Amino acid sequence: MKYVALLRGINVGGNNKVSMAELKKCFEELGFENVRTYINSGNVIFEAEEDDKAMLVQLCEQAIEKQFGFNIVCSVITAKELQAAVSNAPSWWGNDAASKHNAIFAIAPSTAKDIVKEIGEEKPEYEKIAVHEPIIFWSAPIATFSRTRYSKIVGTKAYKSVTIRNANTTKKLAELCG
């Protein structure tokens, strides 16, 4: 089965530096096949016989800590889940150059609905959200970004349960899963 691992917090602000070539090798050493990384933010597409996502998360996190010496939280979703979510993204997501467009991925055991409940309803005058598990699709005009509820999640309990990718990265990952 094909999966996507989304690593949280690598290569951000010079912290938790991970070479994508070394990350690919790390996943291959776990016995995963057709391993491919995409950009420098910790996106790994791979195939595994294991069908227990919680077990895959545990394997990936342990291997990364052993290989790189620091703990990284990892979300693993199936390629089909990613493709289904992206194909059900709202029409407004990712289509306005004057806005930010993010995919907020819930990290298990949290769900996107849990995250929305914790953060609260969007402020419709400043932002739009839509949920298709495991993703919260979020868009906000750059000019009023700081007024949005979702721009203020850094440092909250909910923030520890998500990993965020922009619309272009998310769409490309779904394409690469094809």
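Quick caveat, the model's predicted, so the values are computed rather than measured.
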Next item on the list: Return the minimal non-hydrogen interatomic distance between I135 and A103, and the atom names on each side.
Entry: CG2-CB, 3.7 Å
Note to self: Quick test of your reading: applying salt bridge (charged side-chain N to carboxylate O under 4.0 Å, His left out), list the pairs with at least one residue in residues 49-59, sequence neighbours left out, ordered by first then second residue.
What the structure shows: K53-E81
Check: Hey, any chance V131 and I153 share a hydrophobic cluster, counting ILVMFWY side chains that come within less than 4.5 Å of each other, even indirectly?
Finding: yes
Check: Quick one: are I10 and M20 in side-chain contact, heavy atoms under 4.5 Å?
Finding: yes
Check: Donor-acceptor pair, N95 side chain versus S91 backbone, under 3.5 Å?
Finding: yes
Check: Would you say E65 and F70 make side-chain contact, with heavy atoms under 4.5 Å?
Finding: no
Next item on the list: Would you name the heavy atoms of A5 and C74 that are closest together and state the gap between them?
Entry: CB-SG, 3.9 Å
Margin query: Measuring from atom CG of L56 to atom CE of M1, what distance do you get when rounded to the nearest 0.5 angstrom?
Written below: 9.5 Å
Note to self: Once rounded to the nearest 0.5 Å, what's the spacing between atom OG of S19 and atom CG of N40?
What the structure shows: 8.0 Å
Next item on the list: Report the C-alpha distance between H101 and F137 in whole Å, list the side-chain angles of each, state the deciding distance to 0.1 Å, and finish with yes or no for side chain to side chain contact (heavy atoms under 4.5 Å, CB included).
Entry: CA-CA 7 Å; H101 305 280; F137 295 100; over 6 Å; no
Next item on the list: State plainly whether one hydrophobic cluster holds both I115 and Y159, where clusters connect Ile, Leu, Val, Met, Phe, Trp and Tyr through side-chain heavy atoms under 4.5 angstrom apart.
Entry: yes
Note to self: Could you see if V86 belongs to whatever hydrophobic cluster contains I77? Use Ile, Leu, Val, Met, Phe, Trp, Tyr and a side-chain cutoff under 4.5 Å.
What the structure shows: yes
Margin query: As a quick check of understanding, evaluate side chain to side chain contact (heavy atoms under 4.5 Å, CB included) for K80 and K2, giving each step before the final call.
Written below: CA-CA 8 Å; K80 287 182 181 181; K2 191 177 283 188; over 6 Å; no
Next item on the list: Show the numbers, then the answer: is there a side chain to side chain contact (heavy atoms under 4.5 Å, CB included) between I45 and T37?
Entry: CA-CA 6 Å; I45 299 166; T37 61; over 6 Å; no
Check: Quick check: does any side chain N or O of S87 sit under 3.5 Å from a backbone N or O of Q83, one acting as donor and the other as acceptor?
Finding: yes
Margin query: Measuring from atom NZ of K100 to atom CD1 of I164, what distance do you get when rounded to the nearest 0.5 angstrom?
Written below: 10.0 Å
Run the side-chain donor-acceptor check on residues 169-178: report pairs under 3.5 Å with partners two or more places apart or on a different chain.
{"unit_1": "T169", "atom_1": "OG1", "unit_2": "N166", "atom_2": "OD1", "d": "3.2"}
{"unit_1": "T170", "atom_1": "OG1", "unit_2": "N166", "atom_2": "O", "d": "2.9"}
{"unit_1": "K172", "atom_1": "NZ", "unit_2": "E175", "atom_2": "OE2", "d": "3.2"}

Item checked: Spacing of CD1 belonging to I129 relative to CD1 belonging to I119, to within rounding of 0.5 Å -> 8.0 Å
Margin query: Are I64 and V44 linked, directly or through intermediate hydrophobic residues, by side-chain heavy-atom contacts shorter than 4.5 Å (ILVMFWY only)?
Written below: yes
Next item on the list: Sequence neighbours left out, what pairs pass salt bridge (charged side-chain N to carboxylate O under 4.0 Å, His left out) with at least one residue falling in residues 139-155?
Entry: none
Check: Is it true that V116 and Y126 fall in one hydrophobic cluster, defined by side-chain heavy atoms closer than 4.5 Å?
Finding: no
Margin query: Within the 4.5 Å heavy-atom criterion, are R36 and K24 side-chain neighbours or not?
Written below: no
Next item on the list: Supply the members, apart from I107, of the Ile/Leu/Val/Met/Phe/Trp/Tyr cluster built from side-chain contacts under 4.5 Å; use none for a lone residue.
Entry: V73
Margin query: For a quick test of reading the model, state the closest non-hydrogen atom pair linking S75 to T163 and the distance between them.
Written below: CB-CG2, 4.4 Å
Item checked: Closest non-hydrogen atom pair between E133 and A112, with its separation -> OE1-N, 2.9 Å
Check: Any chance the side chains of N102 and R165 put a donor and an acceptor closer than 3.5 Å?
Finding: no
Notebook entry, point to check: T148 versus E122: any side-chain heavy-atom pair under 4.5 Å?
Noted result: no
Next item on the list: Quick one: list whatever passes ring-ring contact (aromatic ring centres under 6.0 Å, His included) with F46, sequence neighbours left out.
Entry: Y3, F27, F32
Notebook entry, point to check: Between N88 (side chain) and A84 (backbone), is there a donor-acceptor pair under 3.5 Å?
Noted result: yes
Check: Rounded to the nearest 0.5 Å, what separation is found between the CD atom of Q62 and the CD1 atom of I72?
Finding: 14.5 Å
Check: Taking side chain as C-beta onward, heavy atoms only, is V162 less than 4.5 Å from F105?
Finding: no
Checklist line | ring-ring contact (aromatic ring centres under 6.0 Å, His included) against F145, all qualifying residues, sequence neighbours excluded | finding: W138
